[in-house]
Amino acid sequence: MLPAVRRDPTGVFLDAARRFGDVVYLKIGPRRGYLITNPADIRHVLQDNARNYHKSPLYDKLRLSLGNGLLTSEDDFWLRQRRIAQPAFNRQRIAALAGVMAAAARETAGQWETLASVGRPVDVEDEMMRLTRTVVLRALLGGDLGPFAGPLDRAWTIINQHIGESFWSIGLMDRFQTAKRKQFDDARAVLRGAVEYIISERRRKQSATVDLLSMLMSARDEETGEGMTDEQVRVEVTTFLLAGQETTSLALTWTWYLLSQHAGAQAKLEQEIDAALAGRALEYADLVNLPYSRMVIDEALRLYPPAWGFSRQALTDDQLGGFHLPRGWLAFVIPYVLHRLPAFWPDPEVFDPERFSAERSADRPKFAYIPFGAGPRQCIGNHFALLEAQLIVATLAQRYRLHLVPRHKVEPWPLITLRPRFGMQMIIERR
Ligand code: HEM
């Protein structure tokens, strides 16, 4: 399956699940495993028997750029890092960050004023990338990127593309493409520079802020009393900087795209916002009155899950859906496919936010919808991301409507994350 998976991973997995059902044997290059799509099996791998699984060797490529941090590490080391970071994401702390998120969204709304008056197309993916990065930096890492802001955008695209394209390679591609390799190494140097800048600025200012960065920098091991090494702090800051901006910005980009294609949903969203806010600025307390905006985001995450697929490797033999899974084999968990199974999602390709109303969600198994993963390795930024996305969508849709540039080609591009292959060229219209 290797050439086919390299060419069109989402297509191959979708087709395999449609043709062969719940458990599909796949041999991809040297790797063997099962694509699983039954929510009970997903639950088994990600939650009930999670101890028997590590993230698959495919994550090695990610480890090369991010280092061995929260997203990529395992077992006791992972647990220690997760415990250190977790308090930064408790409910009250996240709710308290709503003001920072909304203010950043209002700044973007201000900048769009000029763009709307000239009617020049903008790449909304870039706009959302900048905005979500500002939010992560201000809300969790307490700062900005100084001179690294521009270079980091380009660097991350290169890193994402390199890892995405070499994901399925077995080492040869890495060795032969030296020009690309150099570009990748340069991009990693920019990333490292940006992260060092964030940490050194915090040390220089010696501020008393309590946020994720301060927790990482001041954490002490309960038994030994030792803190994290400088390198480990760098690794975690890199993880949060990238995991925090990339996925959320893509969720928003796909949301704007879907709204632009569905006038009914767009109108309903605007009515809800206008009724709830009557022209004033959005605050945290308003969110309970904006249930449709949340359903729009949930539905965008269903159709275009930014973390479109992940995988695990079995540490010992296991049983999946009645099949024997030998030690070392992989379990492929592909939200892009799960979220399109007709058994749980009638007319799966149709954009229908109201699928997520309480009544229509009642009978759906929890593990049929996993844009944030599940079990102990579930996304730590889940609530942070949903709050941020809702505040951004409502703040911007209160003032603007986005139209896809006519004939702009939109195609999902499954790298590590699910990007639009040709960007998302849109025209911003003042409502
Ligand atoms: C819409 C936005 C987001 C999506 C779709 C998303 C998705 C995911 C998924 C699917 C995983 C689990 C991967 C696996 O099991 O292999 C994950 C893990 C993670 N995410 Fe997110 N994420 C989002 C936003 C965020 C944000 C805002 C942050 C931080 C500010 C973040 C930080 C992380 C970290 C650190 C992990 C690793 C957690 C662990 O293993 O303990 N994510 N994310």
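Bear in mind that the values here come from a model prediction, so they are computed numbers and not experimental data. In listed order, ligands and their atoms are each counted from 1.
Residues passing the ring-ring contact (aromatic ring centres under 6.0 Å, His included) test with Tyr292, sequence neighbours excluded: none. Considering only residues two or more places apart in sequence or on other chains, Arg188 meets the side-chain hydrogen bond (donor to acceptor under 3.5 Å, both in side chains) condition with Asp185.
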What side-chain donor-acceptor pairs closer than 3.5 Å can you find for residues 146-153, not counting sequence neighbours?
{"unit_1": "Asp153", "atom_1": "OD1", "unit_2": "Arg133", "atom_2": "NH1", "d": "3.0"}

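Between Phe332 and Phe13, the two ring planes are tilted [angle within 30° to 60°].
Cation-pi check for Arg399 over Trp112 is not met; the charged atom does not lie both under 6.0 angstrom from the ring centroid and within 45 degrees of its normal.
Atom CZ of Phe89 sits in a crowded spot, with more than 12 heavy atoms from other residues, nucleotides or ligands closer than 6.0 Å.
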Polar pairs, ligand 1 vs protein, N/O only, below 3.5 Å.
{"unit_1": "ligand 1", "atom_1": "15 (O)", "unit_2": "Arg312", "atom_2": "NH2", "d": "2.6"}
{"unit_1": "ligand 1", "atom_1": "16 (O)", "unit_2": "Lys55", "atom_2": "NZ", "d": "3.3"}
{"unit_1": "ligand 1", "atom_1": "16 (O)", "unit_2": "Tyr59", "atom_2": "OH", "d": "2.4"}
{"unit_1": "ligand 1", "atom_1": "16 (O)", "unit_2": "Arg312", "atom_2": "NH1", "d": "3.0"}
{"unit_1": "ligand 1", "atom_1": "40 (O)", "unit_2": "Leu70", "atom_2": "O", "d": "3.3"}
{"unit_1": "ligand 1", "atom_1": "40 (O)", "unit_2": "Trp78", "atom_2": "NE1", "d": "3.4"}
{"unit_1": "ligand 1", "atom_1": "40 (O)", "unit_2": "Arg377", "atom_2": "NE", "d": "2.7"}
{"unit_1": "ligand 1", "atom_1": "40 (O)", "unit_2": "Arg377", "atom_2": "NH2", "d": "3.1"}
{"unit_1": "ligand 1", "atom_1": "41 (O)", "unit_2": "Trp78", "atom_2": "NE1", "d": "2.7"}
{"unit_1": "ligand 1", "atom_1": "41 (O)", "unit_2": "Arg82", "atom_2": "NH1", "d": "2.7"}

